[in-house]
Amino acid sequence: MSTETASREAEPQLGRPTDTSVPPESERIRMVLAGSDGRPRRAGPVTASVTYGWRALLKIKHVPEQLFDVTVFPIMMTVMFTYIFGGALAGSVDQYVQWLIPGIFVQTLVMVTMYTGLTLNRDISKGIFDRFRSLPTWRPAQLVGALLGDQVRYVLAGVIILAVGFVMGFRPDGGAVGVVAAFLMLLVFSFSLSWIWTMISLLVRSEQAAMGVSMFILMPLMFASNIFVDPETMPDWLQAAVEVNPVSVVVTTVRELMAGTYDLSSVGLVALCCAVLVAVFGPISMFIYNRKS
Amino acid sequence: MIASSDAPAVQTDGLVKRFGDEVAVDGIDLTIPRGGIYGVLGPNGAGKTTAIRMLATLLRPDGGRAEVLGHDVAAEPAVIREKISLTGQFASMDEDLTGIENLVLFGRLQGFTSKGARARGYELLDAFGLTDAAKRQVKKYSGGMRRRLDIASSLLVTPELLFLDEPTTGIDPRSRIQVWDIIRTVVDAGTTVVLTTQYLEEADELADRLVVIDHGKVIAEGTPSQLKSQIGSGALKMRVAEPSDREQAARILGETLGADVVREADPTALSARLSTDSGASAALLALEEAGVAVESFSLGQPNLDEVFLALTGRPQPDGADAAPHAEQMQETAR
């Protein structure tokens, strides 16, 4: 270039700024980068999962409205179903409460599990999902951690239902021990069931789609069960479906535990359901998670 | 570690990614040296982001090979993730959380203790001028602040290689210049930066070397000035003092340079693309002899818009490309 650029023609916003208020920042950034003491030791699977769980709790702190589904919704369900169906189905509201509360307890928690999937779907549609996946952490931690964080929501929903039930006359024979045992078992089941929603959220493109597909699976799981009524009046084929429905297995066991009748075989069956759910949907979810584009 | 420290930052060989029938990345061969800023330039949908996501171990290649810092992306993704950071195209922060909470979250996931993550987070917020916004939710940040926080979280642990996917898309010019300064500082500290952009002047401003990608293929590679010289030696721009002299000046330029002279919107301005750089001084002399008062006369390298036009046969990809499309959409909506 013999004739050097006489003037790099004024390209308004493209050239260097004329005011020099920015550069001091560079010096500080340089120091911060130099001051990095190298990479800390990799976060273990537990630390990473707990950190993601902590994130879920922070989101509750900043957006408390999201607790609507685990506070107002359970109260509404309990009150509504008891008074609407009570007289017709069990002869009296008092009797129906004893039957229904364990069912509603399971039903509400199972419904609330669906929201874990929706949060995940929202993450995927934003850039944060890529950042999470580019980190050198145990990969399932994001999913496991979100599910752990959601346990807080489940506990809240469960406590509210039991409190409302108690006010309405629910008196479990199993006492506090039975109720706590049933509660813990249900929390484990909710965690396990959530892997289905996790898989769905990773598969579908939008939050609405995730909700739609989840509802499609959830509705038969809830109604083709012994939550609301004794299946004896149902046609045979439906009774067969109700029997193998894991939700029915859980409801039966919760009723037993709350009634103080400990049957190891039904607890074992629930444990088996949980193990199968995690063993099937966990790896499928991770497979999709790793290949998500 | 020792064996891989001599390896280039990125080396790809026939890298391919398909989404269904569409080939997003169509056999890219690339060697990105360590140090400095490497620009990946191309229009929307050219395959830049897909290529970056494969290199950042987020997508598995469908064909070819890619090594990042000497490690194969398919065989050793976990090792690569320890050495790189990625700042995605869309702000990759949790918008419900505050600035410091985001940094603590990512710091913890990088292996810092709670206390360590908090301390490191505040250090970075301070350096990036975000201390005042530490306890504000990210959804209340401006676009420029988000970008800075985004880059800060990529630097919690200084990466060997930092991928920035369109770091200045959608932010105001002042913030853009701030981000440019940040990127230069990060490179000075020894990190290799690979950045994608659809802004030609951004690649020109920042990149030491760059690759131009279109339809998933490499269409040019080199330093910005090498690319510019590929399409001729430069552009002449001049202005006459009096608009009435312009026609005469245009005629003189045309004769002495043998080039097409463009009459700009400004009634005093003329420009011409030169195939060689000889003749410019003769033209200036001829203008003087003809008594044309010249206000400015400059010879510069062509800008990357012109490079892109020459390489792809299509006009500049950003803006100009999107507008007719938007019109079309409206048409069909009616």
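Here is how names work: the chains are called A, B, and so on, in the same order as the sequence lines, proteins then strands, and each is numbered from 1.
The residue among I182(B), L105(B), L124(B), L59(B) with the most heavy atom pairs within less than 4.5 Å of chain A is L105(B). Most heavy-atom pairs under 4.5 Å with chain A, from the set T50(B), V104(B), D126(B): that is D126(B). Each of N290(A), L58(A), T47(A), D123(A) has some count of heavy-atom pairs under 4.5 Å with chain B, and the biggest count is that of L58(A). The greatest number of non-hydrogen atom pairs below 4.5 Å with chain B, out of R291(A), R41(A), K126(A), is found for R291(A). Note: L97(B) leads T57(B), L97(B), I84(B) in heavy-atom pairs under 4.5 Å with chain A. Listed options G107(B), S154(B), G129(B), S92(B) were ranked by heavy-atom pairs under 4.5 angstrom with chain A; first place goes to S92(B).
Ring-centre distance between Y289(A) and F129(A): below the 6.0 Å cut-off.
You'll find the side chain of V110(A) stays beyond 4.5 Å of the side chain of L221(A), heavy atoms only.
When all heavy atoms of I124(A) and S201(A) are compared, the closest pair comes out as CD1-O, 3.9 Å.
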### Task
Check the pair M145(B) / L130(B) against side chain to side chain contact (heavy atoms under 4.5 Å, CB included), numbers first and verdict last.
CA-CA 7 Å; M145(B) 289 164 76; L130(B) 292 167; 4.0 Å; yes
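For W138(A), no part sits under 4.5 Å from any heavy atom of chain B, backbone or side chain. Proximity to chain B (any heavy atom under 4.5 Å) is restricted, for K61(A), to the side chain, taken from C-beta onward.
F132(A) does not carry R55(A) over the face of its six-membered ring by the limits of under 6.0 Å from the centre and within 45° of the normal.
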